[in-house]
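Here is the structure we will look at.
Just so we're clear, the structure is a prediction, and the values are computed from it rather than from any experiment. Chain identifiers are assigned alphabetically (A, B, ...) following the order of the sequence lines, protein sequences preceding nucleic acid strands; residue numbering begins at 1 within each chain.
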Amino acid sequence: MTVKVRIAPSPTGALHVGTARTALFNWLYARKHGGQFILRIEDTDLERSKPEYETDIIDGLHWLGLEWDNHEIHRQSERLDIYRAHLKRLLDSGKAYERKYTDEEKEAIAMQGRTPRDSIIALRQPLEDRDIAFDDEIRGTVSVNSKHIGAVSLAKDSDTPLYNFAVVVDDLEMGISHVIRGEDHISNTPKQLLIYEALGQAPPKFAHLPLILGPDRSKLSKRHGATSINEYRKDFLPQAMVNFMGFLGYTYDEEILDAAAMAERFELGKVHKSGAVFDIKKLEWLNARYLRTLDPKAFKEAAGLPNLPDAAVPLMTERLERLSGVAEFAYLWERPEYDAALLLWKEDDAARAAKALSLCVLLADGGALNQANLDQTVAGHFDGQKGSVYWPLRVALSGRRNSAGPLEIAPVIGPAETKARIETAIRKLS
RNA sequence: GGCCCCGUCGUCUAGCCCGGUCCAGGACGCUGCCCUUUCACGGCGGAAACACGGGUUCAAAUCCCGUCGGGGCUACCA
């Protein structure tokens, strides 16, 4: 069977991590089987759909590197003719009908603050009770009795199809082989099965992915914090994000692997059944790992610091978890502000620190500020107390309680700036 | 409420299908020590889980039943 899958986001909000993860799994499955991966924008809800959300979703998918087939974007709003034709057939054959709302129903709708219409086009459902079942690729058989399935609404009118109907028609028309989507759609599936039946067509295979959960184990949503992929772009590398999302509902033998490697190993049947909590700590750990593998050019681009000297890169990547953390390294490109007291190592006094720094200036002048000479200074003048020399020197260069080492910083800022900063420190001590 | 899905360390999970090799393994996080001028990296340790109750069996995290718990859905949204 030719594999053809799709990601079908609705442009009623920015790209949600759940949607991104679903996109990834679909992409993985398509890659694994040499199939196609389609992007379909489900914008039948005219009131809530916004072009800027569509743009955001597309940008986010590009950022993650989840490219879809032919770069073609299918929009439901541009396929109205197709739904209309199918709807007409259903109406003509009596499989669908115009369902009048009762006064009670209208009242209930009005209670929700919407103005009710008089009728809707619905599926005419069989009267007898029977089990509607499907074989989920992840969960096995899922079965629901038809009496528990409510009215299946198809369209508001011939020009405005509703979700369940549009999805079925599109999946059919596009020849989708596997519908891989979130678990929150399980209860829609029996309704859609009824529509396939009315249309006289065989349904595709279904696979329902476990949900991504917040710390309280409910479906990840706004109240848990950032849910939009956009909000992660300033801190995380797309490779880390993809690697992380790949583990939300699946286990690979290795911890670190890229999308192509995941695709090789991916099997639908191995997807987990229960929801996974989105653990930002693990994402940070992964991100740190990926950051360290970046070459200077790639890092500078990702960090938005095009003018950073290459020598500064390893020093930063070894310490960063989030991209926005680069601010902590401002001492590499601007002279730091700090309190003189910070220059004092443990019980050392200003005189001792000043003496250490003066010796450092001498070394810096001679272009001899290196470990061997520094250690010699420590041994010769400071009773082997390395901190008495290294600490004030480091603070002179970084202005921080915590930072990279002085011998790492000096080459980055250059000899002249190094000397100037040490002299500034000595002045602070007098 | 009804329907559906799920239930191994705090979190992601291996093991469960094909019962013994599991006084349950790995990773993140937490934590102790080492390295060390600080931070980070790195190395070596530690604490930490089979939801509960029955049953089947010589033997159950693994099979069966029940209970409890959590979640999803219940639109003229998707």
Worksheet item: Is R335(A) salt-bridged to E417(A), cutoff N-O under 4.0 Å?
Response: yes
Worksheet item: Looking across every strand, which nucleic acid part, if any, lies under 4.0 Å from S119(A) by heavy atom: base, sugar-phosphate, or nothing?
Response: nothing
Item to complete: May I ask you to say whether R40(A) pairs ionically with E173(A), meaning some side-chain N is under 4.0 Å from a carboxylate O?
Response: no
Item to complete: State yes or no: are the ring centers of F329(A) and F299(A) separated by less than 6.0 Å?
Response: no
Discussion item. Check this one for me: any side-chain N or O of W391(A) less than 4.0 Å away from OP1 or OP2 of U37(B)?
Written reply: no
Worksheet item: Given that both distances must come in under 3.5 Å, which nucleotide forms a Watson-Crick or G-U wobble pair with A47(B)?
Response: none
Practice prompt. Indicate, with a heavy-atom threshold strictly under 4.0 Å, whether G150(A) touches base, sugar-phosphate, or nothing.
Written response: nothing
Practice prompt. Starting from P on C28(B), measure out to CG on N287(A) and report it in whole angstrom.
Written response: 15 Å
Worksheet item: Does OP1 or OP2 of U74(B) have a side-chain N or O of H148(A) closer than 4.0 Å?
Response: no
Discussion item. Ignoring hydrogens and geometry beyond distance, is the side chain of R401(A) in donor-acceptor contact with the base of U38(B) at under 3.5 Å?
Written reply: no
Fill in: Opposite nucleotide pairing with G1(B), Watson-Crick or G-U, both atom distances under 3.5 Å
U74(B)
Worksheet entry | Whichever of S153(A) and L407(A) has its nearest RNA chain B nucleotide further upstream toward 5' | L407(A)
Worksheet item: Taking the six-membered ring for Trp, is the centroid-to-centroid distance between H185(A) and Y163(A) below 6.0 Å?
Response: yes
Practice prompt. Within residues 255-262 of chain A, find the residues that approach RNA chain B with a heavy atom at under 4.0 Å, and present them sorted by residue number.
Written response: E255(A)
Response to the item:
C23(B) -> Watson-Crick or G-U wobble partner, both distances under 3.5 Å, gives none
Discussion item. Side chains of Y196(A) and P204(A), heavy atoms from C-beta outward: is any pair under 4.5 Å?
Written reply: yes
Discussion item. Classify P406(A) by what it touches in the nucleic acid, base, sugar-phosphate, or nothing, heavy-atom distance under 4.0 Å.
Written reply: base
Worksheet item: What does C68(B) pair with, Watson-Crick or G-U, if both distances are under 3.5 Å?
Response: G7(B)
Worksheet item: If you measure from the Lys or Arg side-chain nitrogens to the Asp or Glu carboxylate oxygens, is any gap between D216(A) and R223(A) under 4.0 Å?
Response: yes
Worksheet item: Under 4.0 Å between a side-chain N/O of T44(A) and OP1 or OP2 of A78(B), yes or no?
Response: yes
Practice prompt. Using the C1' atoms only, state how far G72(B) lies from G15(B), rounded to an integer number of Å.
Written response: 27 Å
